[in-house]
Peer 1: 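Mind looking over this structure? Questions follow.
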Amino acid sequence: MDEKLEPALHNIQQRNIGETEFIQAVKEVLHCMGPVLSKYPEFTEQKIIERICEPERQIIFRVPWQDDRGEVQINRGFRVQFNSVLGPYKGGLRFHPSVNLSIIKFLGFEQIFKNALTGMPIGGAKGGSDFDPKGHSDNEVMRFCQSFMMELNRHIGEYTDVPAGDIGVGKREIGYLFGQYKRIRNRYESGVLTGKGLSYGGALVRTEATGYGLVYFVREMLAARRDTLEGKTCVVSGAGNVAIYAIEKVTQLGGRVVACSDSDGVIYDDRGIDLDTLKQVKEVDRSRIHRYCELQKHARYRENGNIWQIKCDVALPCATQNELTGKDAATLVNNGCIVVAEGANMPTTPEGIEVFGESKISYAPGKAANAGGVATSALEMQQNASRDAWTFEFTEHKLAQIMKDIHDRCLETADEFGVPGNYARGANIAGFVSVAKAMESLGLI
Ligand code: GLU
């Protein structure tokens with residue numbers, strides 16, 4: 001790290017004690033900022049780094065609700081509104097027992113740069129709760145969402161802050177949240193949430209967008225190496241929304257996904273994951289993936305297995321933060337993997353990133369490679385604002401173009417700053433400079 005940045009980092013660490021994931025995300029960005037501050041000395045004068053690392057607003061609230069037995073339950077709700085120079089705050093809500101302030105802050109921080117990279121007018125935020133929708137009835141999930149929105153509603157709005165889904169928040173949760181917002185505010189404000197159902201203002205392709213966008217990005221990474229997805233063996237960790245639609249697009253583009261996973265284990269199917277079965281297990285039955293092997297008898301399940309030990313050409317981490325360690329990265333490199341692109345947010349540990357950096361692997365960070373989800377959310381906002389609804393083909397074409405543009409921008413920026421082929425640096429620098437320039441123009445806010 002550039003020594004000019006040491007005092008700022010020290011200060012951020014002192015003021016955010018114990019926020020491990022947040023500090024990890026900050027360090028990863030600051031690590032790339034030395035040459036940026038040399039090129040733009042005004043960023044130092046205006047304390048852009050210090051300002052960007054301090055959220056504009058953080059909201060933490062109690063979420064009381066009653067379970068089906070009538071017992072009172074208490075969860076904690078969060079919304080961290082990180083930066084709004086480029087547009088209204090935008091970013092998902094995560095419902096997962098691991099959620100705490102550090103995790104929401106790391107996600108919100110990453111979201112600033114990701115959203116900037118899309119080139120769309122959206123600021124960065126993230127929110128969520130330590131509530132776990134898994135194991136709760138639809139009615140319990142509804143009561144939780146209604147209570148969550150009881151507080152959240154006063155902080156959001158189509159021109160203020162536009163939440164969406166993330167882990168544990170899909171169409172069902174967004175529906176309950178939107179219903180409660182509409183009821184409290186007496187406003188049919190379609191643009192207040194994205195990832196909505198198609199029957200009430202949702203947009204085609206939003207469901208598929210993160211996974212599809214990731215694979216479009218991979219297509220560009222391979223093209224930059226004069227290669228294609230045709231015949232490539234892929235592994236995709238996770239089995240949620242991002243993983244499912246990444247598997248779908250890889251398959252459509254001629255690749256073969258042989259493995260995916262959940263927090264219990266890994267499934268391996270050498271014929272290529274059968275999507276209808278996977279969707280049935282995950283989207284219809286809301287079951288765990290070991291059930292896939294009951295329906296596809298030839299497939300194998302390994303409890304607590306490590307998916308990164310499976311030999312592949314392309315690895316797509318689509319589960320969660322810090323799921324791919326330095327050791328896993330070394331295994332992928334030794335097994336001849338050529339492309340790693342992140343569908344999840346910060347799935348690779350700092351040690352893993354270092355291993356990729358020293359290898360010949362093309363490595364794309366989540367803030368670039370998984371930006372298709374939020375970009376398509378911005379397309380949903382556009383459609384809501386104009387009371388329009390676009391076709392699947394038209395929207396998917398736009399998504400593919402956005403991913404290509406992000407890809408090219410990362411590479412051009414990496415070239416400009418003397419680190420050709422380094423997507424991680426390219427993404428951090430390009431995203432940061434867009435936000436910093438807007439901050440400069442808007443004055444000290
Ligand atoms: N949660 C997604 C992300 O990490 C999507 C956010 C959105 O659509 O606002 O980017």
Side-chain angles (χ1 to χ4, degrees), residues 21 25 78-84 86-96 99 103-129 152 156-158 160-171 173-174 177-178 190-197 201-214 217 238 240-246 317-321 341-347 364-384 395 398-399 402-403 406 427 431:
E21 294 83 0
F78 301 89
R79 187 71 181 166
V80 175
Q81 299 177 328
F82 235 110
N83 196 297
S84 62
L86 296 182
Y89 305 108
K90 182 86 197 84
L93 297 171
R94 176 176 291 191
F95 291 171
H96 191 270
V99 162
I103 289 187
I104 299 300
K105 280 175 71 178
F106 112 67
L107 289 164
F109 184 71
E110 294 261 303
Q111 200 83 41
I112 307 171
F113 309 107
K114 182 196 306 196
N115 294 4
L117 281 171
T118 67
M120 322 211 39
I122 41 180
K126 204 85 184 191
S129 174
L152 187 70
I156 63 176
E158 64 178 321
T160 313
D161 182 356
V162 182
D166 195 80
I167 293 172
V169 178
K171 281 234 168 65
E173 290 75 15
I174 294 292
L177 291 165
F178 183 73
S190 300
V192 70
L193 289 167
T194 60
K196 299 181 292 296
L204 287 166
V205 192
R206 179 61 192 88
T207 305
E208 296 83 356
T210 313
Y212 278 20
L214 171 67
F217 198 97
N241 171 267
V242 180
I244 289 175
Y245 292 97
C318 296
T320 195
Q321 64 272 1
E342 297 179 341
N345 292 314
M346 205 170 77
K367 58 172 83 70
N370 74 30
V374 75
T376 309
S377 277
L379 299 179
E380 183 173 334
M381 290 161 73
Q382 269 186 41
Q383 291 167 79
N384 292 150
T395 316
K398 276 194 177 275
L399 169 63
I402 292 168
M403 297 317 294
I406 298 174

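Values below: all heavy atoms of this structure, side chains included; hydrogens, waters and symmetry mates excluded. In each ligand, atom 1 is the first atom listed, and ligand 1 is the first ligand listed. A quick note: this is a predicted structure, and the numbers were derived from the prediction, not measured.
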Peer 1: What do the steps show when you test Ser377 against Arg206 for side-chain hydrogen bond (donor to acceptor under 3.5 Å, both in side chains), and what is the final call?
Peer 2: CA-CA 7 Å; Ser377 277; Arg206 179 61 192 88; 2.8 Å; yes
Peer 1: Tabulation required: pairs of a nitrogen or oxygen in ligand 1 and a protein nitrogen or oxygen under 3.5 Å; columns are atom names and distance to 0.1 Å; otherwise 'none'.
Peer 2:
| from | atom 1 | to | atom 2 | distance (Å) |
| --- | --- | --- | --- | --- |
| ligand 1 | 1 (N) | Lys126 | NZ | 3.2 |
| ligand 1 | 1 (N) | Gly165 | O | 2.9 |
| ligand 1 | 1 (N) | Asp166 | OD1 | 2.8 |
| ligand 1 | 4 (O) | Lys114 | NZ | 3.0 |
| ligand 1 | 4 (O) | Lys126 | NZ | 3.0 |
| ligand 1 | 4 (O) | Asn345 | ND2 | 3.2 |
| ligand 1 | 8 (O) | Arg206 | NH2 | 2.9 |
| ligand 1 | 8 (O) | Ser377 | OG | 2.6 |
| ligand 1 | 9 (O) | Lys90 | NZ | 2.7 |
| ligand 1 | 10 (O) | Gln111 | NE2 | 3.1 |
| ligand 1 | 10 (O) | Lys114 | NZ | 2.8 |

Peer 1: My understanding is that only residues two or more places apart in sequence, or in another chain, count here; which of them pass side chain to side chain donor-acceptor pair (under 3.5 Å) with Asn345?
Peer 2: Lys114, Asn370
Peer 1: Can you check whether Gly123's main-chain N or O pairs, donor with acceptor, with Asn83's side chain at less than 3.5 Å?
Peer 2: no
Peer 1: Does the side chain of Lys196 pick up a donor-acceptor pair with the side chain of Asn384 at under 3.5 Å?
Peer 2: yes
Peer 1: Between His96 and Val99, is any pair of side-chain heavy atoms under 4.5 Å apart?
Peer 2: yes
Peer 1: Looking at side-chain heavy atoms only, is the closest gap between Ile402 and Met120 below 4.5 Å?
Peer 2: yes
